[in-house]
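Keep in mind that what you see is a predicted model, and the values were worked out from it rather than measured. By convention here, the first residue in the shown sequence is residue 1.
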Amino acid sequence: MGGSALYIETQGIKRGLDTEGKRRGGGTLKTTGQMGDVMKESTQIAYTVARARMAEIAPDNSFFDDTDIHMHVPEGATPKDGPSAGVTMVTAMLSLALDRPIKSDLAMTGEISLTGKVLAVGGIKEKTMAARRAGISTIILPEDCRRDFEELPDYLKEGLDVHFATEYSDVYDVAFGKSS
């Protein structure tokens, strides 16, 4: 049957003022959904990468310092675990922090390292099938999964705009547009 699309939701909650009328510093990350230990670890890495990336692209943006983030991975009671949503989590947090939507027909997979490297994942065939079923036309995959994608039957690859990422900046350029 193939895989299924996994959606990630983020919501920002502005931090209140302390007793002296100053903004309470240091935003936090809260996660919910049926995530296993590996995926919970991925959320923490993604949060760190998103904060570091924000410091590079918009150094004056204090979103992560002033805002608590709630990240939810809805999918009912189906437990989700495995290292393949890191780039998606970083992108969801940056979209929230920058107040910029990403392309509506975009799907991505890949784990993220603490330094922003996009790491290979398994199940490229199943993930491609899930993206097609969800009406996705643009996909971002780890560069190290290029061969897995190229080995797919042509009918699965047909009509897809596929990008391969080595570093998170590659993902960012596709999701938000180059030179953002």
Practice item. Side-chain contact test, heavy atoms from C-beta onward, threshold under 4.5 Å: evaluate it for H163 versus I139 and give yes or no. Key: no
Check your understanding: Considering residues, nucleotides and ligands other than E56, do more than 12 of their heavy atoms fall under 6.0 Å from its CD?
Key -> yes
Review point. Does some side-chain heavy atom of I140 sit less than 4.5 Å from a side-chain heavy atom of F164?
Key: no
Check your understanding: With a 4.5 Å limit on heavy-atom distance, are the side chains of T91 and M108 in contact?
Key -> yes
**Study point:** T109 side chain reached by T88 side chain, heavy atoms, under 4.5 Å
**Key:** no
Study note, to complete from the structure: Partner of M71 under side chain to side chain contact (heavy atoms under 4.5 Å, CB included), picked from T32, L96, T43, is T43
Practice item. Would you indicate whether K117, at its atom NZ, is surrounded by more than 12 heavy atoms from other residues, nucleotides or ligands within a distance under 6.0 Å? Key: no
Review point. Do the charged groups of D68 and K14 touch, with an N to O distance under 4.0 Å?
Key: no
Exercise for review: Using modelled atom types only, decide if a donor and an acceptor are shared between the side chain of K125 and the backbone of D148 within a distance under 3.5 Å.
Suggested key: no
Practice item. Scan side-chain atoms only and decide if H70 and T10 contain a donor-acceptor pair under the 3.5 Å cut-off. Key: no
Review point. Does R147 come within less than 4.0 Å of E150, counting only side-chain N to carboxylate O?
Key: no
Practice item. Just do the side-chain hydrogen bond (donor to acceptor under 3.5 Å, both in side chains) check on S137 and D161 with the steps written out, would you? Key: CA-CA 6 Å; S137 61; D161 179 21; over 6 Å; no
Review point. Would a 4.5 Å heavy-atom cut-off, applied to side chains only, mark E151 and K157 as touching?
Key: no
